[in-house]
Amino acid sequence: MMAKEVNKMTIGERIKEVRKNEKLTQQEFADRLNLKRNTVGSYEVNVVEPSDRTIKDICDKFGVREAWLRTGEGEMFVQDTQSEQVAAFLADLTKDDSDTFKKRFVEMLAGLSPADWELLERMAEKLTQKKEESP
């Protein structure tokens, strides 16, 4: 049997697709959305239509495009620009109070002088050249 075309799927089937893509059980998916497991199940089999709030929550928590979730049109996931990805990464770092390697590394980068950045760039170029020269 061929897989259904995404835009021919129901909203419930698309919700299930999001959940399966995240490798979550109905209970885990429900917990992330502050819902009951049976509510997620009723969405997935199209017994209950999700509220606008639930649709927004799914989109926000899982990076899904609302138009795709509602209609199946377009791409499933929001494609962040590189600047948005960097901003999200830095926002996560500033929220985290722990002393992680990522945080210490970014703090070190923030303290580099222009000469340090030039040196770092030359080192990166040499590493790239060596990688390209390797068989």
Side-chain angles (χ1 to χ4, degrees):
M1 181 171 152
M2 285 183 62
K4 264 188 174 179
E5 285 186 47
V6 173
N7 60 354
K8 303 277 189 222
M9 294 168 65
T10 65
I11 190 168
E13 290 169 322
R14 286 188 295 277
I15 288 172
K16 184 175 183 176
E17 183 80 11
V18 171
R19 179 177 66 77
K20 293 284 191 181
N21 186 73
E22 295 292 320
K23 296 176 177 57
L24 297 173
T25 64
Q26 284 184 343
Q27 185 62 59
E28 292 165 333
F29 191 74
D31 291 345
R32 298 264 300 268
L33 296 166
N34 296 319
L35 298 171
K36 293 182 176 163
R37 191 217 51 81
N38 64 340
T39 303
V40 170
S42 12
Y43 294 156
E44 290 184 1
V45 295
N46 300 296
V47 171
V48 175
E49 185 86 11
S51 67
D52 288 340
R53 176 77 225 169
T54 297
I55 290 171
K56 182 175 178 354
D57 287 348
I58 291 169
C59 293
D60 290 348
K61 289 192 187 335
F62 300 102
V64 173
R65 290 182 55 257
E66 187 171 338
W68 178 87
L69 188 58
R70 289 182 183 274
T71 68
E73 297 297 320
E75 295 296 317
M76 179 178 186
F77 294 106
V78 174
Q79 299 299 316
D80 290 339
T81 65
Q82 192 171 23
S83 294
E84 291 168 331
Q85 290 173 353
V86 169
F89 175 78
L90 293 174
D92 285 345
L93 276 182
T94 56
K95 282 190 264 180
D96 187 5
D97 288 335
S98 64
D99 189 32
T100 63
F101 169 74
K102 284 183 194 176
K103 190 169 188 175
R104 290 191 316 272
F105 188 74
V106 170
E107 288 169 349
M108 181 273 308
L109 290 174
L112 292 179
S113 69
D116 293 335
W117 279 104
E118 288 175 19
L119 175 61
L120 193 58
E121 183 177 19
R122 285 194 308 273
M123 291 170 64
E125 287 170 354
K126 284 186 180 193
L127 286 172
T128 304
Q129 286 171 353
K130 285 184 180 182
K131 187 174 183 180
E132 290 171 357
E133 292 169 1
S134 297

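The two residues Ala67 and Thr71 come nearest to each other via the heavy atoms O-OG1, 2.7 Å. Taking each heavy atom of Pro50 and Ile11 in turn, the nearest pair found is CG-CD1, 4.0 Å. Closest approach of Arg70 and Asp52 over heavy atoms only: NH2-OD1, 3.0 Å. Of all heavy-atom pairs between Glu66 and Cys59, the closest is CA-SG, 3.5 Å. A pairwise comparison of heavy atoms in Ser98 and Lys103 identifies O-CD, 3.5 Å as the closest pair.
Between Ile15 and Thr54 the shortest side-chain heavy-atom distance does not fall below 4.5 Å.
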Hey, mind stepping through Asn21 and Glu17 against side chain to side chain donor-acceptor pair (under 3.5 Å) and telling me if it holds?
-> CA-CA 6 Å; Asn21 186 73; Glu17 183 80 11; over 6 Å; no
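Pairs of residues two or more places apart, or lying in two chains, that qualify as side chain to side chain donor-acceptor pair (under 3.5 Å) and include a residue from residues 113-122 are Ser113-Asp116. Pairs engaging residues 54-63 under the salt bridge (charged side-chain N to carboxylate O under 4.0 Å, His left out) rule: Arg53-Asp57, Lys56-Asp60 [sequence neighbours left out].
Here the straight-line distance linking atom CZ of Arg65 with atom CD of Gln79 works out to 9.5 Å at 0.5 Å rounding. Residue Leu35 holds its CG atom at 9.5 Å from OG of Ser42, rounded to the nearest 0.5 Å. With values rounded to the nearest 0.5 angstrom, Lys8 atom NZ is found 12.5 Å from Glu13 atom CD.
A continuous path of hydrophobic side-chain contacts links Leu33 to Phe77 [ILVMFWY only; heavy atoms under 4.5 Å]. The cluster map of Ile, Leu, Val, Met, Phe, Trp and Tyr, joined by side-chain heavy atoms under 4.5 Å apart, puts Leu127 and Leu120 in different clusters. Cluster membership for Val78 and Val64, using ILVMFWY side-chain heavy atoms within less than 4.5 angstrom, is not shared. Hydrophobic clustering (ILVMFWY, side-chain heavy atoms < 4.5 Å, transitive): Phe89 and Leu112 are in distinct clusters.
In summary, the side chains of Arg37 and Gln26 do present a donor paired with an acceptor at a separation below 3.5 Å, with no hydrogens or angles considered.
Each of Lys16, Arg14, Lys20, Arg19 was evaluated against Glu44; a single residue qualifies, Arg19, per the side-chain hydrogen bond (donor to acceptor under 3.5 Å, both in side chains) test.
Shown here is Glu75, whose CD atom has no more than 12 heavy atoms of other residues, nucleotides or ligands within 6.0 Å.
Residues meeting the ring pair (Phe, Tyr, Trp, His ring centres under 6.0 Å) test with Phe29, sequence neighbours left out: Phe62.
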